[in-house]
Structures are given as structure tokens and as C-alpha cells.
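The structure under discussion appears below in the form of C-alpha cells.
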Amino acid sequence: MPLLKIDDQEIEVKAGETVLSAALRCGIAIPYYCYHPALSIAGQCRMCLVEVKGAPKPLTACSTAVTSLPPDKKMDGKYDMVVSTKSEIARKAQRSVLEFLLLNHPLDCPICDQAGECQLQEYSYTYGNSSSRFDFEKIHGPKRVEIGAHVVYDSERCIKCTRCIRFCEEITKTGELTLVERGAHARVDTFPGRKLDNPYSVCTVDICPVGALTSKEFRFKERVWFLQSANSVCPECSRGCSVRYDTYKGDVLRLVPRENPEVNGFWMCDYGRLLSERIKELPRRDRPGIRTEKGWTFYTFEAFWPIFMEKLKKEDLSSPAAIVSGRMTLEEMAAYKLLAGKALGGAAGVALNVASGQDDSLLIRRERRPNLYGARMMGIGVSEENPDVAALLKNKRSALIIREDVVKDAAESQKAALVKALQGLGLLIVADDAFTATAELAHVYIPLTAWHEMEGTTVNFKGHLQKTARAVMPPRNRKPFHDAVSAWLAAAGGQAPEAGFAAWFAEVKKAVPELADKSLRDLLPRGIKLKEAAP
Amino acid sequence: MKLQRPKLTWWERTYFPAILQGLAITFRHIPRIKKRVTLEYPEVRWELPKKYRGAPVLLTGLDGHEKCTSCKLCQFICPPRAINIVAGETDLAKEKFPREFTIDMGLCIFCGYCQEVCPVEAIWLKDEYELADYDRTRLIYTKEELLARGRKPPYLPGKEKPLTEGDKP
Amino acid sequence: MNAWLAILLPAAIKIVVILAIVLTGVAYTTLAERKVSAWMQDRKGPNRVGPFGLLQPVADGMKFFFKEDITPRQAYKPVYLLAPLCTLVPALVTFSVIPFGTEITVAGKSYPLWIAPGMDLGLLFLLSISSLAIYGIILGGWSSGNKYSIFGALRGASQVVSYELGVGLSLLTVVIWSGSFGLQDIVNAQKGHPWFFLTHFLGFIVFLVAIFAETNRLPFDLPEGESEIVGGYHTEYSGLRFAMFFMGEYANMITASALLVTLFFGGWNLPFVDWAKFGPIWGGVLSAAVFFTKIAFFLFFFIWVRWTLPRFRYDQLMNIGWKRLFPLALANLLLMTTLMVFFGFGVKQ
Amino acid sequence: MMLWIFFAVAFVAFLGALGLVFHSNPMVAGLCMAVAMVAQGCLYMLLHVPFLGFFQIIIYAGAVMVMAVFIIMAHGMAEQGQEVSLTQTVATYVAAVLFLVQALRAVWNAAPPAFTEVDRAFGSLQQFGNLLVEHYAVPFELASLVLLTAMVGAVVMARRIWE
């Protein structure tokens, strides 16, 4: 194994490993733009120039591999390569490259959305000059080019690292982007007649080290330093990508993928990202309500339960049709099981397997519910794909539907029959985060927190368990389903675990033996793979 | 540090000479009618120093649009968080503009950090200081009010004219 | 019945007149306080309400009247509401025994210009009433249920109790010298004689200093203290109740000035002037005018001192009271009695 | 007229005394006592011994009770009344009733009040002074000596506590 010396550190590397990855491993900071662990090496930006002993000029650390020297030619008697990242030559190289990159770079950081998470800013601060020697008019290129449905390109800010181009070639294998023109006029563009329209296009915005690529949805919304972040999980398919919710004043402004090699690598799909837009359009109701002939009446959470209990005495809820959802967290499922045993006559419940589209080779899954595997694990049956819900309701007097908008998800041909079946019920209870079309047909509506408003655990199709986090505070009357169950059982005069994630996670632990010795800390930040994983 | 106390005589220690001295000093000031320093405010006004920090206003650029590019540095730096900006996209060269720009003058402490930090000199602390109002909600200045305050009196909303080169706020 | 009427009617008239004078005096003392302090600091003082700001006290009064009267939740309510009265009433009652003029003769009947002419123990009455005035401070401070108020009350109480000794002892020489507790007799004793502030200079100084402490005026206004105990005993008060405290304080000042004038500055006497010569009515009126002029001077003196001297520290206050004034008053007593017993000084009546 | 005033003042004194005994808040009880003291002083005045009345007010209401109230306030006792056990309460009421019975009996058995004329000089300052300095000079001085001793003792004991 070759022995490498970087600055003062010695490190043994595999033959062929690059200087940059070795440096990253031992915590030495080498600035870079074009290098990305998931992409091929380009050596494009020249930012990672280091001094290598014996080399006539500085070499790019990202593309210089360490190889063994014959024993008699070892440097200083034992090293195969001696690298300096802080020597005068390396420093000068870094400073000069930065100056070169900034020659035509506009100084519009106050406008630029990348400001605050911009590597150009950071490296200028750490490695660059404080002033510019360039006294001439900067080269102006096209700005605000819509290269895709969700991506806007600004050629002036671009430093031509080609990360986005390589992403499209190597990860999505769609290859929409290329570099056109030469020298200082070079810019990224799509091939004529094409758009950057692959389902992962916004990932190019994530990997862009500067503000050249911006996402249309987040563009100019908020400066990044005002954002509050929560590390959570995407609820949009059974992949369950690790994501970060960036919020400001209670609004989710964007979702960004977190690195998680076992689940999503570095990426996430555009559909998942656009959750931030879909959240805004949800028809929310913040109070539980009861519908009578006169229409809906809404109550505070505390006032609701006694009235609800009165209603239950009149109606029969002993063997309801129970439709639960793969959108529920494990805690909510545990709560449902408890509720079913104590108040629903042991109704088993069925988790709907809503599916659409096709699995793709990268991330996107056909199953649109994140926690179906968890439902199986908790002993809740999962239906076949897109079942006929009206059939499930047959011969039932009452129904409980949790977190599913069955009316919206029903196929057009089945919709009328379903609505009729729902209307025929004596008692329909809908618990959901939005006041959906299904909820409008209900007799009782219980508002739940949305996925991003609560803590919970979820298991993806590979059996990978992750914890979601509360990105924004929900209004007081919106509760997770498990807290609603706590209140329900308390109002019914029964024994129930106290409200709150911690108490219900303990219930989940009882149900999943593999979790018994795990604490919440073990689930962070990337979750754990459960041994009895499916497929 | 040990403070050296002056040695006092018996007479001085009775406080009387000092008290009489003090009484004499205050009494001497009573007849100095010519030297009163009171400024009788609504009629007589204080001559403001040039760098006086009064009400913050928004300035208009030569193109007739507000200079502000909605970078929110002022919102970030504002110690009492009086400034609130909602950004928007515009077709102008500056790309970004403040869709809403409010300053809550009930919170503003006239520190001038916003003026200091503004990269485009869009916000300025003007020499206005009579800002009181009977209604707290009226103390939240909107973008239009701030821009109107930033122009000189003839350029009120409704009769806007682009400022010329000679005009300085 | 007529006998009662003959006593009560003139008394009632005198009470009304004196109350009017004192309360107006209180109002304009507050204005004087602000004006004089302004002048001493080269300012102009209030000059917006009325000519030269003369209506300012009216405006202030209106303001007090319309302000919200707040009672804190933690206050002990009955006492809290009563306390301001306990400050104001004693201050006004003391005026019943102060002779503020000679007498007015109408229709062959002479009416002495003081409310309770039969009182031959006027000084004792004064002392007893002023010793009760401290209850206003104690009750106000305690019942507010506020730690600052309590501290103010504690300070006020111990301060007044301490300085009462100085007051009492310094007055004793005056009483012995003139041979009577009656204020009228004390005033008469100064008629044609040097005023007592000359003959009892030491006692006068002790009394002067002590009376500053008794009225809680600077440099001894320790019951308040913006920097450490906010408003002191009246921190929680507002509106009319605060106004009562305020008026009580100024009424106390007027009482103190009246006492100073009566005891040490010859009351309504002027040297070489015999009021009887001015006729039955003018003699009384002029003497009263002289008396109130003297009071006005001392009110000015109170204000003058307030805007000249800083506040003492609490330990300094106690040291002055017990270690300086008390021995000084004792020495004064010894000196005066010695003078009288061995050298035959004093006023024989 | 004077008689009615006398009774009214006496009633106030009575109320003050009742307040002292029955009010649970020590601060208010102390104030009630001060009221009783002042009323008592007024009674003296109405009985033509004005200086005694004034001294009563100055010394008891103006000094002693102020100190007592001061101590209650400084001690923080004013916030809550002392817990009183049932036996204490019962014992107090029994004692009070017994005392009341005795007092009523004494009044009942007393001879009808005989009013005696006194000359105007009775109760005057001069008369009082003469009595005090001529007749009772020795007991007076002895009493002041006892008070002085008590004061010195109090100071000495207090010093020991401080040190």
C-alpha cells in the first residue's frame, strides 16, 4: 500500500486512490468545485491544485492518483508521494485560480440565491484575494435562461465545473446538457430543441457549487440564512428518500436530499421536491368537526371528544370498515392497532397500496405510500394495487378512514360507486391532514398533522427504518393520529399511552423486537436497516 | 486602588460650607434670564446634524424604480427585527425586487445598521423625527410610504417623476 | 344652639378659607418647584398652560383626575385605598392650631385668626398629629404588596421615627424659653424680642435639618429612590390616589414651613410693627399676609435645597440623625436651660 | 353633646381593640391597635387631660406602634397569618368569655357613678408637673432608671446576636 504524506499527516492509501479522497479521509481541507463523489473526475475547475514533490507544476488533487514507487526511489526514504496543500506554491495556485474564476463573475451576491451556501463565497473568503485587479467591463452572457421546467441558468455566475452536465450523462443518463462556446464565453446549454426535463433535474441545482443553476420554485423566495431546517424523510413513494425540509416562518420552502447511501445516495426526484408546492395547496382545517343535517360544526380539540363520544353512543362503530394508510408512521399504526382492539371491535384494517407509474432504475418507486412495509411489519394487511374501495365498504354500517383520500385516488370508473357507498354509511369518520373530498362526505372529521408537522418512524420498501422530524409547528388542534388516539381512549374512559411521540415509539418498540434495544439516537441521522428486510 | 481622601477641618465636616456654596451656585442661576437653554419645540426647531439618523426611507434610482434589490441584509442585521421583506422577481436588470417592504416603526431603534449594510444604498435614515401616531398599526410603513418619504416633498405618490442627477436624498 | 353656632360658624369659615389657601398653596408649590428648578438649571420651566404656565397645576390636577386608578392584584385592598388619606389628612389637620394672624374685629366681636383658638397645647397637638402622618407611608408601602414599596415604607418609617427625636428635643427649648405649649404664646413671646432663630440658633438648625427629614424632602427623601426602589412607597399608586400622596407631601411642606415661621421666625410678627395700629380688619389681614409671605420664603427654601443637594446615603442619614442631631439637640437643651436657670434668660409670661 | 362624642370615640377604641384580637393579619391587627391608641388619646382629651391624650398619641400611636408595625413589616410576617391550633382558639374564647362575665359583673355591682366637680386646673400641665416633680419625683426617676436598664440590656443582647 502506498504511503502518502499530506502536509504533516501520513496516510496509507489504496493504489490508484486520488490525493483528494485521501485528503478528505484524513480531514485536510482541499478546495474543489468540479469534484463530486458520485460523478466522474473531470479536473475542470483547477481549484484543488496542490504541490506534489517532484512534479514540475501544481497538480489537481482530484485527478492525481497515488501509486507505489520502487523501494529505492521512496521520497524521504518511505513515502510514495509527498503533497503539500499549504505551501507557497499551493497557496498561490489556489489564489490565482480563484482570481481567474472571479474575473467575469458578477458581484451580485445580495441578489444571488446561492449566497450563504455558495462555495465560491466560502473559498474566496478562505483562499482568495479581498480585492479584484480586473478594471474592465466584465463579459456579459445570457441570464435567466430557462433550461428546464424547474431550472433556470445564469451564465455569468457559472464557473463551468460541468457537474450538471456529468450528472445528466452519468446519473440520469439523459444527457440534455453540454458546454457550448469556448474560453470565457463558454456556457452550459441544452442541445437544440431539448429541455432539461428528466425527473431528477433539480439535482443539478443542488450540485451546482455556485448560483448559476437555481430552481424555479425556490428562486428568490428566501435567503438561505433565514431558513430553519429539519432532517426528515420524503413521503411521496416507498423509497423514502432522506431529505431536509427548509422552512421559514412555518412555510416549507424547499426539500433537499440528504446523503444516504443505503436509500437515495445523493439524489431525490423532482416530484418529491415539489411537495413543498403541493403542501401549500392542501385544503386544511385546523379543528375537528361533526357533520349533522345542518352542516359542519367545528370544535376545539378538547371540546370535541365529549361530543364525539355522545355521537358514538348513538351510532354503531363495533365492526367498521377500517382503511388505514401507508402514509401513517409506525407510531400511528401502533395507535391504530390499540384503538382497533379497544374501540373498533378488533377491525383489522387495510392499508391501501396506491400505485402509479413505473419503478425507474434510480429512485422512483411505483408504490406511492412510504410506509407500506411498516404496515406489514405492524401486522396490518396491505391491499392489492389500487383496490376497489367500494368493495371494502360492502355490508358495513360504519367506516374509519385514516390519511387516505379514497375519492380522489379512485379510478374514474369507480368514483361514482364509491361516493355512493360512502354516502350510504351510517357513520364515516375521516382522520386526515387535509379536509379532502372524502372528508367532506364524512360525519366526523379529525384533523391530523401532515407528514412534515410531526415526528415519527417509517420503513421503506427495503426495510430501512428512518425517523421523520417536525419541520414546522402545527396549530394546536391538529394532532398526530397517535395523540388523537390517546385523547380518544382517554375520553372513552380507557387506558391509553400518554400523548407524544416518545410514548408511542415505546409502543412500536414492543411490536418490533428488532427495535427493542435501539434508542432514538441510533436512528439518526440516516436510519437503520432492519434485518428481516423484504424482497 | 486606595483613594486619598482630603483631610477635612471640623468646620468642613459639618457640611455647612459646602451646602452654603451649593446653595449660592444654584441661586446665582435663577436670574440668568438671557441664558436659558430651553428650546421651545414646536415653534423653535433643533438644527439637525448632517448625519442625523431619523426615519428610515427607501430611495428611488435614476430609472424611477426603487433601488432595493430585496437582498434582505437589512432584515438580517436589524437588531429589533423591524424590517420585513417579501422578495419577488422582476424583468428589470436587477432581477429581484421587494414585493413587500415594511418597517415597523414601533420597533425601529434608529441604529442605522440597515443603511450601513445596504449594498445598493437603497435604504437611508432621513432627518425626519416626528413619527408619532395614535394608531400602532399605522406605524408599520409599507413600501409605498417608505418610497414616498424617500422622495422630496413634490414627488409624492401620484405625481412621481424620475429624480435627476442633481437630486440627492 | 346659638352658642354652638357662634363657635362653629366662624370656625367653619376659617377652615374653609385656610383649606382653600393651603390647597392652592400646594398646587402652586408644585408649579414653583418646577419653575424654580428650571431656573436653577437655566431652563424656562412650564410656560404653555396659561400665562407663564400659571394654569399648569390645574392641568396637572385634571390629568391626575382622568388617569386610571390602578389597584394591583397583590395589594391589600382596604388599606391600600385608605393609605393616601392617612398622608393627606394629618397634614391638613395640623393647620387647625397654627395662628396665622392676630385677629379681626367685626361688629365689636374679635375673631382670632386661627381655627382652634382655645388650644393651649398647640405644639403637642402638632407633634401628635405629625407623628401619625407616618402611617400613610407605612400603610401605602405595605399594602401595595410590592417589594420596592415595602422598602420605601421601611426607610420612611425608620427615618421619621429617628428624626422625631431631633424635632422634639429642639422644640423643647422653645417651649421652656417661652413657658408655654401654645403656639399663640410662642408667637407672642417673639413679639418685641429677637426671633427665636437668633436666640435658639442651635435648636433652629437641628429643627431645620430634622424637618427636612420629616417631610421626606431632599436631601433626605430616602423613601423614594429611582435608582434602587423606584417610587418607594407610592410606586404602585396612580391617578387620584397618587395625587393625594403628592398633595400630602406638599401640604406637609407647608405645615413644616408654618411651624418654622411660628416657632423661630416670629409668626406674624414683624420687627417694630404693631398690627393693632392698622385698624380692626387690616391689622389682621396684614399680619396674615406677613405670615404667609414668610411661609412662602421657606417653601422656596425647601425647593432651593432640593435642587442643590444630592440625596444622602441611608447610613449617612441615620448617622446624621442619631450621632449628630440627637447629641446636638441634647447639647442645645443643656445650654438653654443653663442660660435660663443660671442667667435668667427666657420670656416670662 | 360631649357625652355622645365620648361614647362614639369609646366605641371606636372598642372596635380597634376587637380588630387587634380578631384580625388574622398581624399588620392589620397592629393598625387596629394604633387606632385604639389614638381613640384612647382622644378619650383622655375629652376627659380634660389633653396633654395626656397627646402623649398617648405621640408615644403609643406615633412611636411604639410604628415600631411594632415596622417590625411586622420587616419580619415578613405581614404576608400570612400565624397558624392557630384549635385548642388555642378554644382557650382564647373561653378566657374572653370568662373575662367578659367578670367585667359585666363588676359593672353590674358597681355603685352608680358619682360625678364630682373638679376645678379647672385639674389635669392641667402645671398640676401634672407639680405632681410629677414634687410628689412622685423618686418613683418617676426610679421608673426611668428601670427603662434605662432595659434599654442597655436590649442593646447588649442585640449586639451579641449580631456578633
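Labels below follow one simple rule: chain letters A, B, ... track the order of the sequence lines, proteins then strands, and each chain is numbered from 1.
Residue contact with chain B, scored on non-hydrogen atoms closer than 4.5 Å, involves the backbone of A:Lys221 exclusively.
Qualifying side-chain contact (heavy atoms from CB on, under 4.5 Å) partners for A:Cys203, counting only residues two or more places apart in sequence or in other chains: A:Phe167, A:Tyr200, A:Trp267, A:Arg273. In this view, A:Ser201 and A:Asp270 satisfy the side-chain hydrogen bond (donor to acceptor under 3.5 Å, both in side chains) rule, not counting sequence neighbours.
Within a 6.0 Å radius of CD in B:Gln4, no more than 12 heavy atoms belonging to other residues, nucleotides or ligands are found. Summarising the local packing, OH of A:Tyr248 is surrounded by more than 12 heavy atoms from other residues, nucleotides or ligands at distances under 6.0 Å. Within 6.0 Å of CD on B:Glu128 lie more than 12 heavy atoms contributed by other residues, nucleotides or ligands.
When all heavy atoms are compared, the tightest approach of A:Phe220 to B:Gly88 is CD1-O, 4.3 Å. Smallest separation of non-hydrogen atoms from A:Ile111 and B:Lys96: O-NZ, 3.3 Å.
Here the NZ atom belonging to B:Lys94 is positioned 13.5 Å from the CG atom belonging to A:Asp108, to the nearest 0.5 angstrom. Note that CZ of A:Phe226 is 4.0 Å distant from CD of B:Gln75, once rounded to the nearest 0.5 Å. The distance from atom CG of B:Asp91 to atom CZ of A:Arg144, rounded to the nearest 0.5 Å, is 6.0 Å.
With salt bridges taken as basic N to acidic carboxylate O contacts below 4.0 Å, none links B:Glu89 and A:Lys216.
Listed for the A:Arg223 side chain is a donor-acceptor partner under 3.5 Å among the backbone atoms of B:Cys71.
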